[in-house]
Structures are given as structure tokens and as C-alpha cells.
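All figures in this text were calculated on a predicted structure; none of them were measured in a lab.
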Amino acid sequence: MSTTRLRVDRERCIGAGMCALTAPEVFDQDPDDGRVLLLHAVPPTAHRAAARMAAGVCPSGAITLDGTEPGGS
């Protein structure tokens, strides 16, 4: 079984907030600068799909995924 691990690049983040809107259980925004805050580097199974979607909609590409879900992708 493989584990999905998230990484964020706060320097690359533009503070659009798409991650926090898409996966609020996994991401938040820093109240001081609006940049991404990673709440769970290894998201719980129930939130992995939303975390993957959040990485895909990030306009600056500040979120990356390492690992794959069981069964492909």
C-alpha cells in the first residue's frame, strides 16, 4: 500500500486559497500572509481525493504529491 505525501512551496504560493476551499481538512491559509498552510502532510484516506484535487487546481503549482493511491494513478 502506497502513501500519498503532500508538499507545499510557500514561496511559490500566491494565496489564491483554492487548496483551502477544495480540501479544508488538509489545507488552510496563513492569516498573516494568505499563503498555504499544510495541516496534514499525509492526509487521512477520506480526504486524499480532495487533497489531490486541490493540488490540481492550485494556480501556482505550489502543492505537489509524492506517492500514489492503491490501485493506480
Side-chain angles (χ1 to χ4, degrees):
M1 179 190 284
S2 185
T3 300
T4 299
R5 176 172 285 281
L6 298 165
R7 299 184 195 282
V8 298
D9 182 347
R10 286 182 43 87
E11 294 301 315
R12 190 170 185 173
C13 178
I14 61 171
M18 295 304 298
C19 56
L21 290 171
T22 305
E25 301 84 1
V26 181
F27 302 98
D28 200 356
Q29 283 185 279
D30 188 310
D32 294 327
D33 64 12
R35 292 182 186 176
V36 62
L37 293 175
L38 182 58
L39 303 177
H40 299 284
V42 179
T45 302
H47 303 298
R48 286 184 188 160
R52 292 176 66 82
M53 184 178 292
V57 299
C58 176
S60 65
I63 302 168
T64 56
L65 294 142
D66 296 326
T68 58
E69 298 293 321
S73 97

Under 3.5 Å, is there a donor-acceptor pair between the side chain of [X] and the main chain of [Y]?
X   : Y   : answer
R48 : P43 : yes
Q29 : L37 : no
S60 : R12 : yes
R35 : I14 : no

Would you mind reporting whether [Y] and [X] have side-chain heavy atoms less than 4.5 Å apart?
X   : Y   : result
L38 : L6  : yes
R10 : D33 : yes
R7  : D66 : yes
F27 : I63 : yes
T4  : L65 : yes

Minimum heavy-atom distance between C19 and V36, given as atom pair plus value: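 In this case the closest contact between C19 and V36 is SG-CG2, 3.7 Å.
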